[in-house]
Number of protein chains: 2
Amino acid sequence: MSRIEDVALAAGVSTATVSRALRGLPKVSAETRQRVLDAAAEARYIASPTASSLASGKTGVVAVVVPYVTRWYFAHLIAGASQMLREHGYHVLLVDVGDEGPGREMLLDSRLFFKRVDAALVLSLRMHPQEREMLGRLGFPVVSVGVPSAGWSCVRIDDVGAIRLATEHLIGLGHERIAFVGGKPLPATDFTTPGDRETGFRAAMADAGLPVRDWQVANAAWTPAGGLEAGLSLLRRRQRPTAVVVASDEMAIGVLSAAREPGHRRAR
Amino acid sequence: MSRIEDVALAAGVSTATVSRALRGLPKVSAETRQRVLDAAAEARYIASPTASSLASGKTGVVAVVVPYVTRWYFAHLIAGASQMLREHGYHVLLVDVGDEGPGREMLLDSRLFFKRVDAALVLSLRMHPQEREMLGRLGFPVVSVGVPSAGWSCVRIDDVGAIRLATEHLIGLGHERIAFVGGKPLPATDFTTPGDRETGFRAAMADAGLPVRDWQVANAAWTPAGGLEAGLSLLRRRQRPTAVVVASDEMAIGVLSAAREPGHRRAR
DNA sequence: CTGAAAGCGCTTACAG
DNA sequence: CTGAAAGCGCTTACAG
């Protein structure tokens with residue numbers, strides 16, 4: 001491949017000018033810019049990202065740190081982030097901390113990020129304090145999704161309010177015997193969301209003056225399988241709920257599967 | 001952060017020696033190596049990957065190119081590749097070409113890879129000829145998964161043999177009225193697998209002298225939804241199959257869902 | 001608007 | 001076994 005000097009020679013300018021022209025910086029005459037663009041196209045020139053990173057300190061890469069890549073929710077977050085980053089000219093460094101057990105498989109190491117990325121996106125990941133400190137020390141922006149973390153921007157929904165709204169919707173439709181399928185967070189992830197969502201459910205029920213018996217609140221695994229189990233359990237009751245609020249999409253998938261299982265008499 | 005020169009000064013050696021010692025290269029005395037390691041640890045030194053890439057030409061990054069990140073099969077491939085690469089000290093650059101339509105959303109561009117990765121892993125992706133040529137030109141190794149591609153290593157299973165084996169297993173159990181749920185490949189992916197798997201089914205049936213009527217072979221979408229639809233269709237028949245061979249895990253998920261739908265009389 | 005030159009921070013022959 | 005020096009290929013003040 002050609003280097004910037006080849007383009008400079010071909011265009012009859014300095015490498016500094018080529019650099020400016022190609023990056024669309026101001027203070028390059030239109031005519032010069034065009035000559036450079038033509039020469040670059042002719043030479044099929046692509047700037048070496050490693051060289052420009054070294055010189056500029058920018059990498060054009062954003063780390064996306066996830067606890068699991070295979071789960072529905074995270075896969076969709078990755079897809080969305082990846083698409084948006086690409087639209088803005090960024091590359092994605094995928095960091096899968098792969099936690100399927102109680103202890104995280106991988107501890108975040110500063111050499112995963114150091115001088116390698118311009119920023120990091122941390123998805124619903126529960127981090128050890130020293131990991132947080134390490135990420136902070138690296139000096140690039142960190143945005144977390146789902147888990148508020150002091151000092152970092154965070155994108156999340158109002159967990160309490162969202163479930164409250166869903167519950168109120170059902171109450172508005174006339175339901176009174178509403179069940180809630182919530183549960184335990186996945187090992188490596190945020191742990192406030194499950195509790196907050198249950199709080200939202202209870203708040204809406206309380207506001208409506210509806211009782212919440214123990215059987216109405218299921219504490220399931222935060223997965224389709226957990227939802228399936230909880231759903232079957234609810235359906236096996238003599239007196240079933242007339243509606244169910246589920247704390248997450250993935251658990252809802254499981255509850256819907258339960259509803260499809262054969263052998264249930266029609267509810268109501 | 002500290003630079004290699006700081007470590008060299010602290011250890012009383014040249015930067016060349018620091019470089020060799022830290023990377024475990026031979027021809028460094030044990031004593032010198034230890035001094036360097038101590039000095040590096042003391043300074044919390046981490047080599048700048050962009051600088052070492054520029055000097056060495058190696059990036060320590062492997063591109064993982066996928067047509068979809070959210071589908072079960074691809075998510076698992078990504079997770080597996082990512083884990084294995086990390087174990088070997090490589091980082092993962094995720095390239096999601098995101099195709100949900102007939103035309104690919106993104107065309108592979110050489111600037112996604114140029115001087116950015118040491119190799120690429122291409123997962124079941126159907127590429128345009130010019131994309132293949134472009135990847136070849138970049139001069140790093142490419143390994144494809146699922147789709148054989150001239151000149152590249154490829155990891156795949158024996159599609160014909162695998163389904164033949166599955167079918168023979170059912171035949172061995174005494175089944176004769178066996179259905180096959182195969183289908184159309186996803187837009188951006190390989191297109192030989194679906195055909196090959198159907199071939200394996202038909203071959204096994206033919207070898208056993210069993211007829212294959214039209215209704216026994218479903219041509220569904222290569223997704224859980226496709227499997228669900230095909231499965232329901234089979235279950236609605238007066239004379240059902242006694243066993244079903246499904247061409248992919250994702251379609252099988254759908255067929256299993258169909259089997260769980262209420263309202264079916266027990267088969268047999 | 002443009003260029004000469006320093007600098008980013010390593011690695012790698014080449015000598016010794 | 002170790003070091004001096006060139007080189008990887010850009011970007012960025014600084015001058016003009």
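As a basis for the values below, the full set of heavy atoms in this structure was taken, side chains included, without hydrogen atoms, waters or symmetry mates. In what follows, chains are A, B, ... by sequence order, proteins preceding strands, each numbered from 1.
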Response to the item:
Hits for side-chain hydrogen bond (donor to acceptor under 3.5 Å, both in side chains) against A:Ser48, two or more places apart or cross-chain, chain-then-number order -> none
Worksheet item: Considering residues at least two apart in sequence or located in another chain, which fulfil the side-chain hydrogen bond (donor to acceptor under 3.5 Å, both in side chains) criterion with B:Asp196?
Response: none
Worksheet, complete the sentence: Writing each nucleotide of DNA chain D 5' to 3' as (, ), [, ], | or . by Watson-Crick or G-U pairing under 3.5 Å yields |||.||||||||.|||
Discussion item. Can you see whether A:Arg132 engages A:Ser149 through a side-chain donor-acceptor pair at a distance of less than 3.5 angstrom?
Written reply: yes
Discussion item. Given C:dG9, C:dG3, D:dC10, identify the nucleotide with an atom nearest to the side chain of A:Thr17.
Written reply: C:dG3
Worksheet entry | Separation of atom NZ in B:Lys115 from atom C1' in D:dG7, rounded to whole Å | 12 Å
Discussion item. Going by the rule side-chain hydrogen bond (donor to acceptor under 3.5 Å, both in side chains), which residues pair with A:Ser52 if we only count those two or more places apart in sequence or in a different chain?
Written reply: none
Discussion item. Rounded to whole Å, please give me the gap between CZ in A:Arg3 and C1' in D:dC10.
Written reply: 11 Å
Worksheet item: Within this structure, what is the NZ-to-P distance between A:Lys58 and C:dG7, rounded to whole angstrom?
Response: 21 Å
Worksheet item: Contact class for A:Thr50 vs. all strands (heavy atom < 4.0 Å): base, sugar-phosphate, or nothing?
Response: nothing
Worksheet item: Hey, does the side chain of A:Ser2 reach the backbone of A:Ala43 with a donor-acceptor pair shorter than 3.5 angstrom?
Response: yes
Discussion item. Return whichever of A:Leu54 or B:Thr32 has its heavy-atom-nearest nucleotide of DNA chain D closer to the 5' end.
Written reply: B:Thr32
Practice prompt. Please list, chain by chain and in numerical order, all residues satisfying side-chain hydrogen bond (donor to acceptor under 3.5 Å, both in side chains) with A:Asp158, sequence neighbours excluded.
Written response: none
Worksheet item: Tell me: CG of A:Leu9 to P of D:dG9, nearest whole Å?
Response: 15 Å
Worksheet entry | B:Asp6 side-chain N/O to B:Arg3 backbone N/O, donor-acceptor pair under 3.5 Å | yes
Fill in: B:Thr50 versus B:Ser53, side-chain donor and acceptor atoms under 3.5 Å
no
Worksheet item: How does protein reach along nucleotides 11-16 of chain D, written 5' to 3' as B (base within reach of a heavy atom under 4.0 Å), S (only sugar-phosphate), or - (no contact)?
Response: SBB---
Item to complete: Give a yes/no answer on whether the side chain of A:Ser29 brings an N or O atom under 4.0 Å of OP1 or OP2 in C:dT2.
Response: yes
Response to the item:
Atom CD of B:Gln34 and atom P of D:dC1 are separated, to the nearest Å, by 16 Å
Discussion item. Under a 3.5 Å distance rule, please check whether A:Glu250 uses its side chain to pair with a backbone N or O of A:Trp72 as donor and acceptor.
Written reply: yes
